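Worksheet: one structure, shown below.
Along the sequence shown, the residues carry numbers beginning at 1. These numbers come from the heavy atoms of this one structure, side chains and all, not from hydrogens, waters or symmetry mates. Model, not experiment: these values are computed from the prediction.
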Amino acid sequence: MSRILVVDDDDQLRRALRINLSARKYDVQTAADGTEALATAGHTPPDLAIVDLGLPDMDGVDVVRGLRGWTAVPIIVLSARDAQASKVEALDAGADDYVTKPFGMDELLARIRAALRRATPQPESATITTGDFTVDLAAKRLTTATGQDVRLTPIEWHMLEVLARHPDKLVAQKQLLREVWGPAYENETGYLRVHLANLRRKLEPDPSRPRYLITEPGIGYRFTP
């Protein structure tokens, strides 16, 4: 049974989606705002998310970015915003599809089925725990083994986030530069050395002999939890 997270501040619409999706044997979770949505997804990762853009506490695009920071599950934006700029922003943030309100339930269900068919089947977790620290990608929080918060700069966090999304896999230098700084910085390898050194000072028990943030000389980096 696929789990679907519905994020919308309209009580009637949330209820209608829950009834229709549950009737088709989906396991439905709901959230009325972005904070609740990210917390729910972090605790019980969905197989697909439906996200409204006009939420009371944050823009739905930020929810899309928050989810996409740690999971590859399909995200369908469901919004009354029909301007092309809104659609482009949501898709660039990581949404897979965009449905404009008002919408037909049959069309939405067809898009859900299509998105789930294309989805990567393996389950994902928002939390990565090592012997020395825990990374909570949903809450964007890094804590030591004793529960103390570790403060990272936005660049340091983004680097760790990219590496943590690919545990035990090599992330090429150009890929890391492109995801953190953008395509124009693909050759700025000096940026990586400086910020990775700062990350190691904050994460590694012995930064001179890293256990978690491994350099593959001339190629890229690997996060080994």
Side-chain angles (χ1 to χ4, degrees), residues 2-3 5 37-49 62-75 93-96 115-116 118-183 185-186 189 191-225:
S2 296
R3 182 182 297 117
L5 173 62
L38 293 174
T40 299
H43 184 264
T44 310
D47 297 304
L48 180 143
D62 293 323
V63 176
V64 173
R65 291 195 183 100
L67 291 170
R68 194 52 79 224
W70 64 272
T71 181
V73 299
I75 300 173
D96 297 278
L116 288 171
R118 296 191 299 266
T120 304
Q122 69 267 20
E124 299 173 63
S125 174
T127 304
I128 299 170
T129 301
T130 74
D132 296 285
F133 57 85
T134 296
V135 184
D136 187 334
L137 294 170
K140 295 188 179 295
R141 186 182 182 196
L142 176 67
T143 54
T144 66
T146 58
Q148 295 179 312
D149 285 321
V150 179
R151 299 190 65 178
L152 300 182
T153 68
I155 290 291
E156 289 167 357
W157 175 261
H158 203 168
M159 284 184 67
L160 179 61
E161 185 178 67
V162 173
L163 292 169
R165 290 205 316 262
H166 305 87
D168 295 313
K169 295 181 180 179
L170 178 67
V171 178
Q173 291 177 343
K174 285 191 175 183
Q175 178 186 347
L176 192 53
L177 285 162
R178 186 168 57 249
E179 291 204 38
V180 177
W181 283 275
Y185 294 84
E186 286 186 351
T189 55
Y191 287 17
L192 297 176
R193 288 192 294 272
V194 170
H195 290 284
L196 197 73
N198 291 336
L199 265 179
R200 283 177 174 146
R201 280 196 291 271
K202 295 179 180 182
L203 270 67
E204 297 281 0
D206 181 358
S208 63
R209 301 177 64 184
R211 293 170 50 187
Y212 303 107
L213 299 170
I214 309 301
T215 300
E216 302 286 351
I219 304 174
Y221 302 92
R222 191 186 309 270
F223 177 62
T224 57

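Partners of Arg178 according to the salt bridge (Lys or Arg N to Asp or Glu O under 4.0 Å) rule, which considers only residues two or more places apart in sequence or in another chain, are Glu186. With sequence neighbours excluded, the residues forming a side chain to side chain contact (heavy atoms under 4.5 Å, CB included) with Ala139 are Asp136, Arg141, listed by chain and number. For Tyr221, the ring pair (Phe, Tyr, Trp, His ring centres under 6.0 Å) test picks out no residue, with sequence neighbours left out. With sequence neighbours left out, the ring pair (Phe, Tyr, Trp, His ring centres under 6.0 Å) criterion links His158 to no other residue.
With rounding to the nearest 0.5 angstrom, the CG atom of Leu163 is 11.0 Å from the CD1 atom of Ile214. Here the NZ-CG distance, from Lys140 to Leu142, works out to 12.5 Å after rounding to the nearest 0.5 Å. Rounding to the nearest 0.5 Å gives a distance of 11.0 Å between CG of Asp62 and CG of Leu67. Atom CG of Leu137 sits about 13.0 Å away from atom CZ of Arg68, to the nearest 0.5 Å. Taking CG of Leu38 as the reference point, atom NE2 of His43 lies at 14.5 Å (rounded to 0.5 Å). For the atom pair CD of Glu156 and CG of Leu203, the computed distance is 9.0 Å after rounding to the nearest 0.5 Å.
In terms of heavy atoms, Pro46 sits closest to Val73 at O-CG1, 3.2 Å. Between Ala37 and Val63, the closest heavy-atom pair is CB-CG1, 4.3 Å. Minimum interatomic distance between Gly94 and Ile75 (heavy atoms only, all atoms of both residues): O-CD1, 4.4 Å. When all heavy atoms of Lys202 and Thr153 are compared, the pair lying nearest together is NZ-N, 4.3 Å. Between Leu199 and Leu213, the closest heavy-atom pair is CB-CD1, 3.8 Å. Taking every heavy atom of both residues into account, Pro45 and Gly42 meet most closely at CD-O, 4.4 Å.
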May I have the step-by-step check of side chain to side chain contact (heavy atoms under 4.5 Å, CB included) for Leu192 and Trp181, ending in yes or no?
-> CA-CA 10 Å; Leu192 297 176; Trp181 283 275; 3.7 Å; yes
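At least one donor-acceptor pair under 3.5 Å links the side chain of Glu204 to the backbone N or O of Tyr212.
Annotation: side chain of Asn198 is not in contact with side chain of Ile155 (no heavy-atom distance under 4.5 Å). Contact check for His195 versus Leu176: no side-chain heavy atoms found under the 4.5 Å cut-off.
The salt bridge (charged side-chain N to carboxylate O under 4.0 Å, His left out) contacts involving residues 208-225 comprise Asp132-Arg211, Glu216-Arg222, where partners must be two or more places apart or lie in separate chains.
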In residues 164-172, what donor-acceptor pairs under 3.5 Å come from side-chain atoms, sequence neighbours left out?
{"from": "Arg165", "atom 1": "NH2", "to": "Glu179", "atom 2": "OE1", "distance (Å)": "2.8"}
{"from": "His166", "atom 1": "ND1", "to": "Val162", "atom 2": "O", "distance (Å)": "2.9"}

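At most 12 heavy atoms of other shown residues, nucleotides or ligands fall within 6.0 angstrom of atom NZ in Lys174.
Note: Phe133 and Phe223 have tilted aromatic rings, judged against thresholds of 30 and 60 degrees for the angle between ring planes.
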